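Contents: one structure, followed by commentary.
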Amino acid sequence: MIVILKQNPDKNQLNNLVGWLKKNDIDVHESQGSHSRLLGLIGDTSNLDIDMLRALEIVEDVKRIQEPYKNANRKFHPLDTVIEVGNTKIGGGNLTLIAGPCSVESEEQICSIAREVKACGATLLRGGAFKPRTSPYSFQGLRGEGIELLLEAKKETGLPIVSEIMDISQLDLFRDVDVIQVGARNMQNFELLKALGRTQKPILLKRGLASTIEELLMSAEYIMAGNNPNVILCERGIRTFETKTRNTLDLSAVPVLKQLTHLPVIIDPSHATGISKLVHPMALGAVAVGADGLIIEVHNDPAHALCDGAQSITPEAYKSLVANCMQIHPFRAKYNAE
């Protein structure tokens with residue numbers, strides 16, 4: 001339920017209303033828009049008398065909503081959420097560039113790639129320390145050592161780091177990681193999501209292989225219900241009947257999500273296609289439909305990468321990709337969520 005307040009509501013009346021709602025086990029999420037002030041009521045509102053609320057002097061209108069996600073809902077939060085990571089702002093019309101290798105392999109490798117992607121315009125460095133692999137015999141990452149090497153690259157270049165967590169037990173190792181990534185396989189690991197909700201770190205949440213948009217938003221809700229509003233959604237391709245690409249990149253998810261939620265939405269064209277030659281055109285498409293950012297796998301020697309070399313592009317290719325995306329960015333369509 002949403003309570004739309006009149007302009008400049010009386011503070012005492014507002015405090016009394018909020019206090020009464022909380023006594024009725026209703027959580028209140030307050031949002032200040034450009035032209036209105038909203039109270040998002042979270043909990044069992046079925047017994048609340050809408051007419052009684054509408055009759056209050058400070059109330060303009062009251063509306064019920066049907067969507068099960070409340071904190072992530074644009075109806076509760078009309079303005080785009082902008083998440084700050086270092087000097088980078090994610091969301092709100094900005095185009096955030098995140099790049100780096102699928103997996104951290106050595107200090108020389110990660111530091112070299114960090115320098116090169118930064119020179120191309122990337123403002124965050126991605127790198128896998130813990131790797132979820134389909135085969136138990138594949139390279140699983142350097143684990144804690146990989147995070148230490150990412151921190152060395154951050155020290156050298158100043159780039160904030162993004163890395164994927166696999167389990168709650170690893171949370172202490174991520175205390176210095178700037179953005180914690182939740183991979184597609186863990187999108188509905190609800191105990192992990194609840195633990196991340198108790199942090200205030202930005203969480204990059206990837207859509208599951210066969211998950212609907214509403215399921216993605218409900219996973220975001222798990223994090224936000226723990227009082228962590230810093231969620232970044234990521235479309236990374238879904239599993240369909242098509243076999244010519246690793247997954248099918250759902251670019252339509254961007255404008256759909258922009259209508260439903262205030263959270264930033266970024267695209268991962270590397271995992272979506274699994275083919276390095278397709279990363280560039282899909283990245284351009286992502287920018288054109290209004291994505292808030294791109295997370296792309298860049299490796300200085302893809303042919304010998306320990307993980308996902310087939311979908312990684314070289315720093316030279318990344319430089320060209322960034323240049324073309326920056327040409328599209330100022331002219332892309334602006335999607336109005338109203």
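In this chain, numbering begins with 1 at the start of the sequence shown. We use all heavy atoms of the structure for the numbers below, so side chains are in, but hydrogens, waters and symmetry mates are not. Note that this is a predicted model, so its numbers are computed, not measured.
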Ion pair Lys201/Asp176, N-O distance below 4.0 Å: no
- Message: Within the supplied structure, the quantity of interest is the number of heavy atoms (other residues, nucleotides, ligands) at a distance under 6.0 Å from Arg143 CZ; does it exceed 12?
- Response: no
Salt bridge (charged side-chain N to carboxylate O under 4.0 Å, His left out) test vs Glu235 passes for just one of Arg207, Lys258, Lys206, namely Arg207
Check: Do Val62 and Ile26 share a hydrophobic cluster (ILVMFWY, side-chain heavy atoms under 4.5 Å, transitive)?
Finding: yes
Please check if atom CZ in Arg54 has more than 12 non-hydrogen atoms from other residues, nucleotides or ligands closer than 6.0 Å. yes
Exercise for review: Would you confirm whether Ser219, through its side chain, and Glu215, through its main-chain N or O, come within 3.5 Å as a donor-acceptor pair?
Suggested key: yes
### Query
Is the backbone N or O of Thr248 less than 3.5 Å from a side-chain atom of Thr240, with the two atoms forming a donor-acceptor pair by type?
no
Would you say Tyr222 has more than 12 foreign heavy atoms packed within less than 6.0 Å of its OH?
-> no
Test item: Arg64 side-chain N/O and Thr45 main-chain N/O as donor-acceptor pair under 3.5 Å = yes
inquiry  = Other residues, nucleotides and ligands only: do more than 12 of their heavy atoms fall within 6.0 Å of CD on Glu108?
reply    = no
Side-chain donor or acceptor of Glu191 paired with backbone N/O of Ile168 under 3.5 Å: no
Q. Any ion pair linking Asp80 and Arg74 (charged N to carboxylate O, less than 4.0 Å)?
A. yes
Can you check whether Ser270's main-chain N or O pairs, donor with acceptor, with Asp268's side chain at less than 3.5 Å?
yes
**OP:** Using the side-chain contact (heavy atoms from CB on, under 4.5 Å) rule, take Leu204 and Ile295 through it: C-alpha gap first, then chi angles, then the decisive distance, then the call.
**Re:** CA-CA 10 Å; Leu204 196 162; Ile295 179 168; 4.2 Å; yes
In terms of hydrophobic clustering (I, L, V, M, F, W, Y; side-chain heavy atoms under 4.5 Å; direct or indirect links), are Val59 and Leu38 co-clustered?
no
Taking atom types as modelled, is there a side-chain donor on Asn230 or Asn228 under 3.5 Å from an acceptor on the other? yes
In this structure, are over 12 heavy atoms from other groups packed under 6.0 Å from Lys75 atom NZ?
-> yes
Asn87, CG: over 12 other non-hydrogen atoms inside 6.0 angstrom:
no
Closest non-hydrogen contact found for Ala283 with Ile296 is CB-CD1, 4.3 Å
Is there a donor-acceptor pair under 3.5 Å between the side chain of Asn324 and the backbone N or O of Leu321? no
Non-hydrogen side-chain atoms of Ser211 and Leu216 separated by less than 4.5 Å: no
task = State whether Glu221 and Lys70 are salt-bridged, where the test is any N-O pair (Lys NZ or Arg NE/NH1/NH2 against Asp/Glu carboxylate O) under 4.0 Å.
result = no
Go through the steps to decide whether Arg236 and Leu209 satisfy the test side-chain contact (heavy atoms from CB on, under 4.5 Å), and finish with yes or no. CA-CA 8 Å; Arg236 46 80 68 208; Leu209 295 172; 3.0 Å; yes
* Within a reach of under 6.0 Å around NZ of Lys22, are more than 12 heavy atoms found that belong to other residues, nucleotides or ligands? -> no
Could Lys319 and Glu316 be called an ion pair, given the rule that one side-chain N must be under 4.0 Å from one carboxylate O?
-> no
- Task: Measure from the side-chain N and O atoms of Asp292 to the backbone N and O of Leu95, and report whether any donor-acceptor pair falls under 3.5 Å.
- Result: no
- Task: Ignoring hydrogens and angles, tell me if any N or O in the side chain of Thr157 forms a donor-acceptor pair with the backbone of Leu159 under 3.5 Å.
- Result: yes
Can a donor-acceptor pair be found between the side chains of His271 and Asn247 at a distance below 3.5 Å? no
Check your understanding: Hey, are the side chains of Ile203 and Ile232 touching, using non-hydrogen atoms and a 4.5 Å cut-off?
Key -> no
Q: State whether the side chain of Asn15 and the backbone N or O of Lys11 hold a donor-acceptor pair below 3.5 Å, judged by distance alone.
A: yes
Open item on the list: So does Ile161 get a backbone contact from the side chain of Arg126, meaning a donor-acceptor N/O pair under 3.5 Å?
Closed with: no
| query | Can a donor-acceptor pair be found between the side chains of Gln311 and Arg246 at a distance below 3.5 Å? | reply | yes
Distance-only side-chain donor-acceptor flag, Asp167 / Ser169, under 3.5 Å: yes
#### Entry: Co-membership, hydrophobic cluster, residues Ile223 and Met187, 4.5 Å side-chain
yes
